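Right, one structure below, let's go through it.
Proteins come first, then strands; the chains are lettered A, B, ... in the order of their sequence lines, and each starts at number 1. These numbers come from a predicted model, not from an experiment.
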There are 2 protein chains.
Amino acid sequence: MNPSIFDRHDIRICIVEDDHVIRNGFKEILQDVRDFQVINTYSNCEDFIHHMEHDKPNVVLMDIELPGMNGIEGILCIKKKHPKINVIVVTVYENDQLVFDALCAGAGGYLTKNMPPERLKEAIFEIIQGGAPMSTSIARLVVASFQRNQTSPLSKREMEVLILLAKGKSYSSIAEDIFVDKETVRTHIKNIYFKLEVHSKEDALKLAKKEKWI
Amino acid sequence: MNPSIFDRHDIRICIVEDDHVIRNGFKEILQDVRDFQVINTYSNCEDFIHHMEHDKPNVVLMDIELPGMNGIEGILCIKKKHPKINVIVVTVYENDQLVFDALCAGAGGYLTKNMPPERLKEAIFEIIQGGAPMSTSIARLVVASFQRNQTSPLSKREMEVLILLAKGKSYSSIAEDIFVDKETVRTHIKNIYFKLEVHSKEDALKLAKKEKWI
DNA sequence: AATTTATCCCCCAATTTGGGTGACTTCCGA
DNA sequence: TCGGAAGTCACCCAAATTGGGGGATAAATT
């Protein structure tokens, strides 16, 4: 359960960050930690990617806004070639879409720059041990993304139908799933469209997703 | 940035846990913490729900496997009436589906029972401050759920088409989106079906979701 | 040179979809 | 107890979609 010496010794770290003050700050914080080796620091993604075969890092601290290739693209590129490299995003941005894009791209953690230096060290141990270090606000964002507003104007049954519709099912298939007649499904969908003021499956699903009903 | 005294004083806590040893253990751990008040403990959801109006907790520690109503149903019920109550799941289960069900139901945190007692206290402060306390393994599960296996047999263009199909778009609508002829979309979809060995939109999407391509 | 990818064209028939209208039951809140 | 949702099913209609068959061409990759 506790991290053994084997889990954490010799953790090879690279830093990709265009602001040299922050870059060196992180290096300062990390380089004297036992088990950590700051292999190299880079001011852009391209440089890192050219050297990653040689650097063989376990963990990369990655900024998002970078000259040239941005952090998201960078993560995609890194993960494509070396899926085992752990990327922790370290940025000032807490924008929803950026967070999700980074996680989808393969980031294993997401920290905001206003954290105490201790948190950075912890985060690296955490990701090596199979965790996913996140700032509190980011964790909340991520967890909230699972939760749906259930304040839709649709009835329970209508929501059921809408969710099945979202799976790409046809009316007949939905009917079989919920053990009613195809005509009933049609009626539900007509009512859904009426309530949502839309006239097609596409628009209904777009609205429902925007409002986080599904 | 730092938690002020106003953020954390008088945190009202309820515990829902059927094992009385664990239930009392948690109570012991929490009751002497400054700012914490353990209002009540319950061995099942129903009892808690009957008292929550009176208890007015800020945080509920909730087990999943409970006699009668289970934890997931319990969370739904609590959140429906009092969306502001913070529910932290505390369980032995690390089953993927259970974690996601709990988060979808409205859990604001998810801890496994094998944590140090300190972690429980931290977690309560964390959720009050707008965070989402999770065990490391849970955080990893959650983050991993954003990441897609990009090892599908489909080409880039085919993936694009499949993703738009998953949004409920018609062939014509997809064609407009990617600036090609409807016939081209049809060809892509035929090729997708051939590669995936399916014969309908529903089956293609089901497979793609199962394999986490979309 | 062969394969994959991406683009487009034609034909065909069954199914799906969206809209209109109406009807019956049940259940809940005012 | 009355009215309104909610849920169920029916029938009509026309347009659109879908899935499957057969091609073709050009570019890129292997």
ask   = After noting the C-alpha distance and the side-chain angles of A/Asn44 and A/Tyr42, does the key distance pass the side chain to side chain donor-acceptor pair (under 3.5 Å) rule?
value = CA-CA 6 Å; A/Asn44 65 72; A/Tyr42 299 92; over 6 Å; no

Distance in angstrom units between [X] [atom1] and [N] [atom2], rounded:
X: B/Met159; N: C/dT5; atom1: CE; atom2: C1'; answer: 16 Å
X: A/Glu183; N: C/dG20; atom1: CD; atom2: P; answer: 15 Å
X: A/Ile178; N: D/dG7; atom1: CD1; atom2: C1'; answer: 10 Å
X: A/Glu160; N: D/dG7; atom1: CD; atom2: C1'; answer: 11 Å
X: A/Lys182; N: C/dA14; atom1: NZ; atom2: C1'; answer: 11 Å
X: A/Tyr171; N: D/dT17; atom1: OH; atom2: P; answer: 12 Å
X: B/Asp181; N: D/dT17; atom1: CG; atom2: C1'; answer: 15 Å
X: B/Leu154; N: C/dA6; atom1: CG; atom2: P; answer: 10 Å

OH (B/Tyr193) with more than 12 external heavy atoms under 6.0 Å = yes

message = Quick check on contacts: within residues 189-214 of chain A, what sits under 4.0 Å from DNA chain D by heavy-atom distance?
response = A/Lys195

inquiry  = It should be established whether B/Ser172 places a side-chain nitrogen or oxygen under 4.0 Å from OP1 or OP2 of nucleotide D/dT17.
reply    = yes

remark   = On DNA chain C, more 5' by nearest nucleotide between B/Lys156 and A/Leu165 is B/Lys156

task = Using a strict cut-off of less than 4.0 Å between a Lys/Arg side-chain nitrogen and an Asp/Glu carboxylate oxygen, indicate whether B/Asp177 and B/Lys169 qualify as a salt bridge.
result = yes

salt_bridge(B/Glu211, B/Arg148) N-O dist < 4.0 Å = no

Parallel, tilted or perpendicular, as decided by the 30° and 60° cut-offs, for the rings of A/Phe36 and A/Phe125 = tilted

message = Can you tell me whether the side chain of B/Thr187 and the base of C/dC8 have a donor-acceptor pair closer than 3.5 Å?
response = yes

ask   = Where the side chain of A/Ser155 is defined as all heavy atoms beyond and including C-beta, which of D/dA6, D/dT17, C/dT7 is the nearest nucleotide?
value = D/dA6

task = Look at the side chain of B/Arg186 and decide which nucleotide, out of C/dG18, C/dC8, D/dG19, has an atom nearest to it.
result = D/dG19

request  = With heavy atoms under 4.0 Å as the rule, sort A/Thr184 into base, sugar-phosphate or nothing.
outcome  = base

message = Is there a side-chain contact between A/Leu154 and A/Lys195 in this structure, where contact means two heavy atoms from C-beta onward sitting under 4.5 Å apart?
response = yes

request  = Without swapping roles, check the side chain of A/Glu17 against the backbone of A/Asp19 for a donor-acceptor pair under 3.5 Å.
outcome  = yes

